[in-house]
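To start, the structure under review is shown below, and the notes come after it.
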Amino acid sequence: MKALTWHGKKDVRYEEVPRPEIVNPNDAIIRVTATAICGSDLHLYHDRVPSMKEGDVLGHEAMGEVVDVGDSVETLARGDRVVVPFTISCGSCWFCENDLYSLCDNSNPNAEIARKMMGHSPAGLFGYSHMMGGYAGGQAEYLRVPFADVGPQKINGDLPPEQVLFLSDVFPTGYMAAENAEVEEGDTVAVWGCGAVGQFTIQSAWMLGADRVIAIDRVPERLEMARNHGDAETINYATEGVYDRLMEMTGDRGPDRCIDAVGTDAHGTGMTATADRIKQRLHLEDDRPAVLRQAIRCCRKGGTLSVPGVYVGRADNFPIGSLMNKALTVKTGQTHVQRYLDPLLERIEEGEIDPSFVVTHQAPLAEGPELYERFNNKDDECIKVVLKP
Ligand SMILES: NC(=O)c1ccc[n+]([C@@H]2O[C@H](COP(=O)([O-])OP(=O)(O)OC[C@H]3O[C@@H](n4cnc5c(N)ncnc54)[C@H](O)[C@@H]3O)[C@@H](O)[C@H]2O)c1
Ligand SMILES: [Zn+2]
Ligand SMILES: [Zn+2]
């Protein structure tokens, strides 16, 4: 079959790979009909995530048709149309039973590598390095889905793929980001990053009762989407001082809830950001936490910092003094996607939200390498890419 594969920094190829087969009785095989490129894939594209290997199949946002199921699969049958969460979860460990699906204790066969780095291993993820399980991803014609009774969400009816595909990741991720921020009626919420995750975070902040949403980025069309579609006020960090603007807008209090929807590849300016870049090159620091620092500085005293943005290792110059003395709460994590599938699908079915608004590019899977480049460079006003094998 054909798939998009990783070959090192900025080298994604469309090539022939072995077609997946049932390995365990709880597997399903999906013929992928639509798959998206995520900001998380760009961390792989920049070679920031350890333990990738040449030829690894990329992708973790996929949907399609079930073409084969293992002997123990009970809830899926051939022909079912499903969206596949990016988190692989067993459904029966302590973490899964407590709805903490992205922390599943049973789905990462390489848990020891992750444990050495982080103390404990999170769940296995599709197409996201060997440390996270070494699972082939969904930017391919076919995908093997382990624990098939726990992950895939059946889609009945004829909702178009662009409306349901993002249940695999970025819609639940935006929702969990707002929930983690503890957004309540009347809050002012600041969202750093206006990629797809930022856009769904904005939508979700409104759903949870925010009074004001302020979105921060520098890419004009992303800011425009946040304003026009997301009804957010915006700050362009390339032309305005973010701290000063936020203080002005909130009568010096700072936003109640601050959300980092940017993560490890945050763009920064000034001495500290330059030091980050140098240290990253020398492997003295893994992440560039420009947004984290700024969000902590801006957040109102006693407020909440929510971090959906992905970080991979160690970050320097972390303002722990500000975090502690301002009594901030921090919540983060890979998304517990399974927790949000039913309630968010219901919102889509009821017409409360149409997630297809983020899609700017649709193309055949074969054009994947070129679209990775375009998405990375933000050429052609590219915000979200959907590929069809
Ligand atoms: N927690 C999870 O489960 C989960 C799931 C999906 C994605 N993510 C992560 O969420 C983040 C966003 O994903 P995306 O798909 O929207 O990515 P994206 O790359 O499309 O968007 C990131 C945006 O951040 C902006 N940005 C960069 N530096 C900034 C700064 N200093 N201030 C404000 N904005 C800045 C960029 O201009 C860009 O628009 C990524 O880190 C991704 O890995 C996490
Ligand atoms: Zn993703
Ligand atoms: Zn589990």
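Note: hydrogens, waters and symmetry copies are ignored here, and every other heavy atom, side chains too, is used. We count ligands from 1, going down the list as the structure has it; atoms in each ligand are counted the same way.
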Between [X] and [Y] (salt bridge meaning N to carboxylate O under 4.0 Å), is one present in this structure?
X      : Y      : result
Glu65  : Arg31  : yes
Asp68  : Arg78  : yes
Lys331 : Glu182 : yes
Arg212 : Glu233 : yes
Lys2   : Glu16  : yes
Glu224 : Arg227 : no
Arg300 : Asp256 : yes
Arg222 : Asp217 : no
Arg13  : Asp11  : yes

If only protein N, O or S atoms under 2.8 Å count, total around the Zn ion (ligand 3):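 There are 4 of them.
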Within-2.8 Å protein N/O/S contacts of the Zn ion (ligand 2): Cys38 SG, His60 NE2, Glu61 OE2, Asp169 OD2
Any donor-acceptor N/O pair, Arg339 side chain to Asp99 backbone, under 3.5 Å: yes
Neighbour list for ligand 1 [protein residues, heavy atom under 4.0 Å]: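 Residues within 4.0 Å of ligand 1: Cys38, Gly39, Ser40, Leu42, His43, Phe86, Asp169, Thr173, Trp192, Gly193, Gly195, Ala196, Val197, Ile216, Asp217, Val219, Arg222, Tyr237, Ala261, Val262, Gly263, Ala266, His267, Val291, Pro308, Gly309, Val310, Gly333, Gln334, Thr335, Phe375, Lys378.
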Heavy atoms from other residues, nucleotides or ligands near CZ of Arg347 exceed 12 (cutoff 6.0 Å):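 Enclosed: over 12 neighbouring heavy atoms sit under 6.0 Å from CZ of Arg347.
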Passing option when Leu143 is tested against Thr35, Val57, Val32, Ile29 for side chain to side chain contact (heavy atoms under 4.5 Å, CB included):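 Testing Leu143 for a side chain to side chain contact (heavy atoms under 4.5 Å, CB included) against Thr35, Val57, Val32, Ile29 leaves exactly one candidate, Val32.
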Which residues share a ring pair (Phe, Tyr, Trp, His ring centres under 6.0 Å) with Phe375, sequence neighbours left out: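 Per chain and number, Phe375 pairs via ring pair (Phe, Tyr, Trp, His ring centres under 6.0 Å) with no residue.
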